[in-house]
Structures are given as structure tokens and as C-alpha cells.
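These notes concern the structure reproduced below.
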Amino acid sequence: MNVRPARIEDAASCGQICYAAFSKINAAHGFPTDFPDPAHTIGLLSNMFSSPGIYCVVAEIDGRVVGSNCMDERSVIHGIGPITIDPGTQNRGVGRALMQAVLDRSAERGAAGVRLVQAAFHNRSLSLYASLGFDVREPLSCMQGRTLAHDVPGCHVRAAQPDDEPACNALSRRVHGFDRGADLAQAIARGTARVVERAGRITGYTSHLAFFGHSTTESNLDMQALIAAADSIAGPGLLVPSRNTSLLRWCLENGLRVVQPMTLMSIGLYNDPSGAWLPSVMF
Ligand SMILES: CC(C)(COP(=O)(O)OP(=O)(O)OC[C@H]1O[C@@H](n2cnc3c(N)ncnc32)[C@H](O)[C@@H]1OP(=O)(O)O)[C@@H](O)C(=O)NCCC(=O)NCCS
């Protein structure tokens with residue numbers, strides 16, 4: 001087996017593998033597929049393989065690509081995923097090698113911590129990550145739907161602008177101890193980021209109400225306003241920390257449905273957040 005940095009021309013085969021791997025494991029457990037079709041995963045990985053600040057690796061056996069893994073290294077806390085191995089080559093050590101490759105890289109670069117989100121039903125990924133040193137941090141409920149409420153009194157939600165970045169990043173540092181400023185700046189440029197204001201000041205933001213977006217707010221009320229204002233949730237769903245039962249109950253009362261249980265895991269620095277938050281799948 002050879003592990004090497006991913007190249008843009010690997011995206012077609014890795015995207016096919018990513019779609020096949022998630023579809024197979026989800027179907028085996030009765031869960032819907034995370035991605036609608038192979039074109040979607042090929043597009044996702046093409047984007048990641050060519051993005052500065054995202055480190056991606058592939059594994060080859062006899063010259064054939066059999067899996068890939070990515071890591072967002074634009075913040076002091078690195079975020080890993082998606083990792084997928086060709087279903088015909090799983091359980092033979094390829095996943096461990098691809099995980100070790102990105103962990104070595106984050107150690108070389110002096111990351112304060114590394115995180116990932118794991119499908120809670122998947123015995124193999126839980127075992128692999130725990131044996132590599134990841135600790136379980138937070139049970140998550142992936143939730144999808146459109147809320148009954150479309151606004152929250154007293155909260156004003158609007159598109160985020162570049163000059164909102166300092167306030168959003170300061171809020172993230174207060175809640176999490178670090179910020180994902182590069183991710184937020186990119187989301188503002190793409191037009192997916194929103195801020196919520198209460199009493200004339202920013203009390204929360206989202207990079208995108210989506211599986212691949214993260215949100216941080218001072219209170220559940222602010223988070224409810226962001227969720228209520230979203231016309232739709234992109235991808236499989238939002239990742240709601242299940243121990244925030246007050247927010248979870250509000251989502252349920254407002255018509256969101258639980259799609260699947262997931263688990264946030266980390267190595268290294270981890271602060272218990274002191275606010276409301278929704279991690280992205282690569283938080
Ligand atoms: C999860 C995935 C990336 C792991 O890659 P892999 O190549 O199959 O895994 P590996 O063979 O490297 O490692 C699996 C480890 O789990 C162990 N394992 C598997 N099932 C287990 C179980 N039920 N209990 C305990 N250990 C188990 C294996 O023995 C192996 O440990 P070892 O390295 O100490 O021998 C791969 O299976 C995959 O692509 N799955 C579908 C997509 C997916 O779920 N991706 C991850 C999203 S979080």
C-alpha cells in the first residue's frame with residue numbers, strides 16, 4: 001500500500017468510492033445515503049482536493065486508488081473527513097493508514113487538536129478512531145426538515161458581511177476557545193453565512209445551515225433564530241448536540257426529524273463549549 005497526497009485527477013475515482021462506501025454502510029443499517037449520487041461526491045472531493053488549507057491523501061494498492069481522506073488545517077484545531085475506502089478493500093488496514101497519515105501531518109504542523117464526526121452506528125469506524133487515540137466528546141443528532149417557526153421574536157437574522165468577521169470570530173473564541181475564521185470568510189464569500197442580532201449586536205453566526213457548515217451563538221434563542229430563518233438545510237442535516245436537550249426539543253417541536261445519530265470525537269485540546277453550537281461534519 002502506498003499513501004500519497006491526493007491530486008485533482010484522483011477525484012473521479014475517489015468520489016465513486018466515497019459514494020459507494022457511504023451508501024453501502026448506511027443501507028446495511030437502514031439509514032438513507034449521505035450523498036444523492038456519485039456526481040455529488042466527485043464534485044465535493046474535486047473541491048477539497050484543490051482547496052488550499054485542505055490536506056488530502058489517497059491510498060493505492062498495486063497502482064489502483066482504493067481510498068481517500070481529507071483534513072481542514074486552516075485553524076488551530078484541524079477537522080478530518082470524509083474518509084472512505086473502496087467497499088471491496090475495507091477492514092484490511094487502509095483506513096488506519098489514511099488516518100495515521102493525516103494525524104502525522106497535524107502533529108508536524110503543531111495543531112492544538114484534531115476532530116472528526118463519526119456515524120454512531122458504525123462499529124468499525126468507532127473502534128478504529130478510539131484505538132488511534134480519539135476521545136468521544138459529544139453525541140450528535142443529525143436533523144433535517146423545515147421549521148414551523150420562521151422567525152424568533154427579538155432576533156434579527158441577515159446575510160453575514162466581511163466586516164462581521166471580527167465579531168463572529170471573537171464569539172467563536174469565547175464559546176470554543178478558537179475560531180474557524182478562514183472557513184467563515186469563505187462562507188461569506190459564497191453567500192451562505194448568516195448572523196443573528198439581538199438588541200443591536202451580533203449574538204451568533206452560521207457559516208451555512210448545513211452538514212458541512214458550523215454555527216455558534218451565545219444562547220439557544222439565537223440558534224433557534226438562525227435555524228428558523230433557513231429556507232432549507234443542505235445535505236443530510238444539521239448536527240445538533242443531543243445533550244443540549246432544550247435545543248433538541250425545540251427542533252423536534254418545530255418539525256425537524258432525526259436522520260441518524262453521530263458522535264464528535266477529538267484528540268488534543270478540547271474545551272467544553274460555553275454557548276450554543278452546531279458542529280460541521282468536519283468541525
Ligand atoms: C470506516 C473506514 C474508513 C475504515 O477503514 P478500513 O480500511 O475498513 O479500516 P481498517 O481495516 O484500517 O481498521 C479497522 C479497525 O477496526 C477494527 N474493527 C472492525 N470492526 C470492529 C468491531 N466491531 N469491534 C472492534 N474492532 C473492530 C479492525 O480490527 C481494525 O482494527 P486494527 O487496525 O487494530 O486491526 C471504512 O470501513 C469505510 O470507508 N467505511 C464506510 C464509510 C465510513 O463509514 N467512513 C467513515 C465515516 S465516520
Side-chain angles (χ1 to χ4, degrees), residues 1-4 6 10-11 13-38 40-42 44-45 48-49 54-62 64-72 78-106 114-142 211-212 214 235-239 241-242 259-267 279-283:
M1 189 201 320
N2 176 39
V3 174
R4 62 162 171 82
D10 297 317
S13 54
C14 292
Q16 293 280 358
I17 290 170
C18 183
Y19 178 74
F22 278 118
S23 301
K24 189 158 187 253
I25 189 73
N26 285 18
H29 292 80
F31 288 98
T33 176
D34 288 329
F35 301 105
D37 50 47
H40 191 95
T41 44
I42 292 170
L44 174 74
L45 293 184
M48 295 180 85
F49 289 2
I54 312 273
Y55 178 68
C56 302
V57 284
V58 299
E60 295 170 319
I61 294 180
D62 297 332
R64 183 176 71 91
V65 171
V66 293
S68 63
N69 193 12
C70 296
M71 181 171 69
D72 183 349
H78 293 176
I80 296 176
I83 176 170
T84 47
I85 313 303
D86 179 357
T89 316
Q90 291 176 5
N91 220 15
R92 290 193 230 158
V94 179
R96 180 175 289 277
L98 285 176
M99 269 295 166
Q100 196 58 60
V102 297
L103 290 177
D104 290 348
R105 165 91 170 186
S106 75
V114 189
R115 299 184 187 180
L116 57 77
V117 171
Q118 179 261 343
F121 61 77
H122 194 177
N123 298 348
R124 187 187 304 156
S125 63
L126 174 69
S127 308
L128 174 62
Y129 305 155
S131 68
L132 282 165
F134 283 88
D135 292 327
V136 169
R137 291 298 183 183
E138 194 74 36
L140 304 168
S141 294
C142 178
F211 201 53
F212 279 90
H214 74 275
L238 294 179
L239 297 173
S242 308
V259 179
Q260 63 165 289
M262 305 191 85
T263 307
L264 178 69
M265 302 181 80
S266 76
I267 291 179
S280 86
V281 74
M282 291 181 69
F283 199 64

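Counting starts at 1 for both ligands and their atoms, in listed order.
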Inset, instruction - Answer yes or no for Gly93: is there a heavy-atom contact with ligand 1 below 4.0 Å? - result: yes
Inset, instruction - Check whether any heavy atom of Val117 sits under 4.0 Å from an atom of ligand 1. - result: yes
Inset, instruction - Answer yes or no: is there a donor N or O on one side and an acceptor on the other, between the side chain of Asn26 and the main chain of Pro32, under 3.5 Å? - result: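 Yes.
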Legend entry - Gln260 side chain vs Cys142 backbone, donor-acceptor pair below 3.5 Å: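 Side chain of Gln260 to backbone of Cys142: no pair is present.
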Ligand-residue contact atoms, ligand 1 with [X], heavy atoms, under 4.0 Å:
| X | value |
| --- | --- |
| Asn123 | 23 (N) |
| Ser125 | 1 (C) |
| Leu128 | 4 (C), 13 (O) |
| Gln118 | 48 (S) |
| Asn91 | 6 (P), 7 (O), 8 (O), 11 (O), 14 (C), 19 (C), 28 (C) |
| Tyr129 | 46 (C), 47 (C), 48 (S) |
| Gly95 | 5 (O), 6 (P), 7 (O), 12 (O) |

Inset, instruction - Can you pull out the closest protein heavy atom to atom 47 (C) of ligand 1? Residue, atom name and distance to 0.1 Å, please. - result: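 Ranking protein heavy atoms by distance from atom 47 (C) of ligand 1, first comes Phe22 CE2, 3.7 Å.
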Inset, instruction - Among all protein heavy atoms, pick the one closest to atom 39 (O) of ligand 1 and tell me residue, atom and distance. - result: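 In this structure, atom 39 (O) of ligand 1 has Ile85 N, 2.9 Å as its nearest protein heavy atom.
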Inset, instruction - Given side chain to side chain contact (heavy atoms under 4.5 Å, CB included), test Glu60 with Val66 step by step and report yes or no. - result: CA-CA 6 Å; Glu60 295 170 319; Val66 293; over 6 Å; no
Inset, instruction - Before signing off on this row, confirm whether Ile25 and ligand 1 have an N or O atom pair separated by under 3.5 Å. - result: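 In fact, backbone or side chain, Ile25 has no N or O that close.
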Legend entry - Any N or O of Ile83 closer than 3.5 Å to N or O of ligand 1: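 Yes, since at least one N or O of Ile83 sits under 3.5 Å from an N or O of ligand 1.
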Inset, instruction - Can you sort out the partners of Phe283 under ring pair (Phe, Tyr, Trp, His ring centres under 6.0 Å), two or more places apart, ordered by chain and number? - result: His176, Phe178, His214
Legend entry - Any donor-acceptor N or O pair under 3.5 Å, side chains Arg115, Ser266: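 Arg115 vs Ser266: no donor-acceptor pair found between side chains.
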Legend entry - Separation of Met262 CE from Phe211 CZ (nearest 0.5 Å): 4.0 Å
Inset, instruction - Go through Arg4 and Val65 one step at a time and tell me if the side chain to side chain contact (heavy atoms under 4.5 Å, CB included) criterion holds. - result: CA-CA 10 Å; Arg4 62 162 171 82; Val65 171; 4.0 Å; yes
Inset, instruction - Take atom 6 (P) of ligand 1 and look for protein heavy atoms under 4.0 Å from it; say yes if you find one, no if not. - result: yes
For [atom], the option (of [options]) bearing the nearest heavy atom:
| atom | options | value |
| --- | --- | --- |
| atom 32 (P) of ligand 1 | Arg96, Gln90, Arg92 | Arg96 |
| atom 20 (N) of ligand 1 | Met265, His122, Arg124 | Arg124 |
| atom 17 (C) of ligand 1 | Ser131, Ser68, Ala130, Ser127 | Ser127 |

Inset, instruction - Could you go through the side chain to side chain contact (heavy atoms under 4.5 Å, CB included) check for Met71 and Ile54 one step at a time? - result: CA-CA 5 Å; Met71 181 171 69; Ile54 312 273; over 6 Å; no
Inset, instruction - Taking all heavy atoms of Val57 and all of Val3, pick out the closest pair and write down the distance. - result: CB-CG1, 4.1 Å
Inset, instruction - Only one of Thr263, Ile80, Leu128 passes side-chain contact (heavy atoms from CB on, under 4.5 Å) with Phe134; say which it is. - result: Ile80
Inset, instruction - Hey, could you give me each pair passing salt bridge (Lys or Arg N to Asp or Glu O under 4.0 Å) that has a residue in residues 81-106? Not counting sequence neighbours. - result: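 As it turns out, the salt bridge (Lys or Arg N to Asp or Glu O under 4.0 Å) pairs with a partner in residues 81-106, which skip direct neighbours, are Arg64-Asp86, Glu73-Arg105.
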